[in-house]
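Here is the structure we will look at.
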2 protein chains.
Amino acid sequence: MKFNRVLINDDHDAIGESVAQVLMSNGITNIEKTQYCDEAYLKIKKAELDQDPFDLLITDLSFKSDYRNDNLSSGEELITKLTQDYPDLAIIVYSMKDQLQKVRFLIKNRGVNGYVCKDRKGSKELGESLNVVASGKAYLSPQVCKALQPKSNMEIDDFDIRLINLLSKGMSQEEISEDLKSKNLKPSSLSSIEKRLNRLKIQFKANNTTHLVSITKDLGLI
Amino acid sequence: MKFNRVLINDDHDAIGESVAQVLMSNGITNIEKTQYCDEAYLKIKKAELDQDPFDLLITDLSFKSDYRNDNLSSGEELITKLTQDYPDLAIIVYSMKDQLQKVRFLIKNRGVNGYVCKDRKGSKELGESLNVVASGKAYLSPQVCKALQPKSNMEIDDFDIRLINLLSKGMSQEEISEDLKSKNLKPSSLSSIEKRLNRLKIQFKANNTTHLVSITKDLGLI
DNA sequence: CCTATCTATACGGTTTACCGTAAAAGCAAA
DNA sequence: TTTGCTTTTACGGTAAACCGTATAGATAGG
């Protein structure tokens with residue numbers, strides 16, 4: 001099997017162009033490009049209605065917002081919507097992010113078929129991913145291929161991310177506790193929050209909360 | 001004046017390629033590419049020694065680290081070193097970051113000649129910047145062109161920056177006080193530090209220290 | 001020289017973060 | 001159901017951050 005009709009969704013024009021180059025050098029010429037997630041969704045929808053659907057979407061995850069106020073503001077939202085509506089569409093994510101948690105989530109829970117890291121060898125890996133994904137297998141860049149290996153111990157989950165995010169927004173640990181309780185999310189006691197933060201501080205070698213937020217921001221975790 | 005010999009420094013291969021395309025379509029063919037800041041520095045140094053120097057560097061700011069442990073790990077460090085050693089070299093930054101403080105700093109204090117945002121029209125703007133910078137003027141992408149307008153500038157001095165920086169490294173206010181005393185820097189009492197932080201927290205509408213560090217990191221202030 | 005003003009510092013009280021310990025709840029295998 | 005393990009929660013003490021107020025020093029204008 002080979003992909004015939006491909007949509008590229010990336011807000012950076014140069015990336016879109018280079019992805020198109022990779023596709024063409026793999027013999028794929030029926031290509032369209034979008035720079036917004038809304039636009040991508042509409043194009044896919046229209047293609048479906050026109051009986052000329054895409055077989056593959058290559059998309060970034062993070063998009064800068066501009067004057068248009070977008071409905072779908074991130075690649076992840078786009079993917080969530082697409083996997084509901086068009087489960088047959090193959091999706092390759094092409095992103096700077098290399099967090100295992102995110103990768104695992106997209107592959108396991110969103111049925112993403114490939115995850116290629118924009119990096120020094122991004123183009124080459126993207127080319128390889130086309131063949132792998134076309135043959136029905138999942139492709140992962142080497143940097144993130146351990147995402148699917150079970151349990152590489154020291155890992156952070158969505159709760160951790162949420163926690164650090166709320167801290168970075170200036171909430172106190174007690175306020176966070178209240179917030180979680182009001183949303184009926186499970187670990188919500190101040191004590192649990194403290195314990196979790198403690199683990200994270202050890203993991204990231206942070207001296208205090210401020211340091212932890214600083215480090216995770218640098219890592220692009222939040 | 002026109003640029004003859006250009007070095008492109010970007011860790012993402014596709015970007016390097018697309019920048020090269022832009023240069024060639026502007027009639028510049030003497031192009032070299034690097035994917036590491038160390039490599040870029042060495043290449044520029046060598047070219048200088050060989051009496052065949054570059055007249056322009058186009059570089060990203062953030063680079064992923066890999067197995068090589070780099071000396072210069074960011075574009076900013078590279079630029080700092082270059083403006084010391086080769087003040088005549090023109091530099092255009094091509095980056096995702098669009099924080100005004102960062103841009104202002106690079107233009108004012110590092111003598112960077114152009115700042116182009118990697119964005120939906122990044123390639124087009126990069127092409128325009130070549131002509132503007134070649135004619136001796138500074139080029140700024142529309143998103144960041146207000147960086148040079150003095151209006152948007154709140155009065156934050158070096159002490160403030162130093163303070164927030166130390167906080168982001170995990171030091172307590174007392175440790176910072178000790179540190180400043182040991183360096184004989186003037187406001188150094190815990191009380192002064194508290195007062196200064198208070199002013200900053202009001203200025204940036206921060207709830208606490210963690211929030212303050214988070215906000216200033218987002219602004220690119222530190 | 002005196003005074004108004006601004007800055008640095010000192011101090012005490014309150015809140016929040018930090019850290020250890022321990023009980024309670026959830027869960028899976030025997 | 002019992003047992004053992006893990007996770008969540010509770011609590012108490014210490015350290016640090018937070019906040020108001022007050023004194024000391026430095027500076028500029030009269």
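In what follows, chains are A, B, ... by sequence order, proteins preceding strands, each numbered from 1. Because the structure is predicted, anything quoted here is derived from the model rather than measured.
- Atom CG of A/N208 is separated from atom C1' of D/dA16 by 10 Å (rounded to the nearest Å).
- Each of D/dC19, D/dT8, C/dA17 was ranked by its minimum atom distance to the side chain of A/P187; first place goes to D/dT8.
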| request: Go through the steps for A/R110 and A/E76 under the test salt bridge (charged side-chain N to carboxylate O under 4.0 Å, His left out), then give the verdict. | output: CA-CA 9 Å; A/R110 291 289 176 269; A/E76 196 169 330; 5.8 Å; no
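- For A/K195, no side-chain nitrogen or oxygen approaches OP1 or OP2 of C/dG20 to under 4.0 Å.
- To the nearest angstrom, C1' of C/dG20 lies 11 Å from CD of A/E194.
- Between the CG atom of A/L190 and the P atom of D/dG12 there is a distance of 14 Å, rounded to whole Å.
- A sub-4.0 Å separation between OP1 or OP2 of C/dC18 and a side-chain N or O of A/T209 is present.
- With D/dT9, C/dC11, C/dA8 as the candidates, the nucleotide lying closest to the side chain of B/R196 is C/dA8.
- Taking only side-chain nitrogens and oxygens, B/S192 comes nearer than 4.0 Å to OP1 or OP2 of C/dT9.
- Proximity of a side-chain donor or acceptor of B/D157 to a complementary backbone N or O of B/F159 within less than 3.5 Å is detected.
- Closest to the B/S188 side chain, of the nucleotides D/dC18, D/dT8, C/dT9, is C/dT9.
- In this model, no side-chain donor or acceptor of B/S189 finds a partner on the base of C/dA8 within 3.5 Å.
- Figure legend: cation-pi geometry between B/K118 and B/Y94, with NZ or CZ positioned under 6.0 Å from the six-membered ring centre and within 45° of its axis.
- The cationic atom of B/K43 (NZ for Lys, CZ for Arg) does not lie both less than 6.0 Å from the six-membered ring centre of B/F54 and within 45° of the ring axis.
- Counting any heavy atom pair closer than 4.0 Å across all strands shown, B/S172 reaches sugar-phosphate atoms only and no base atom.
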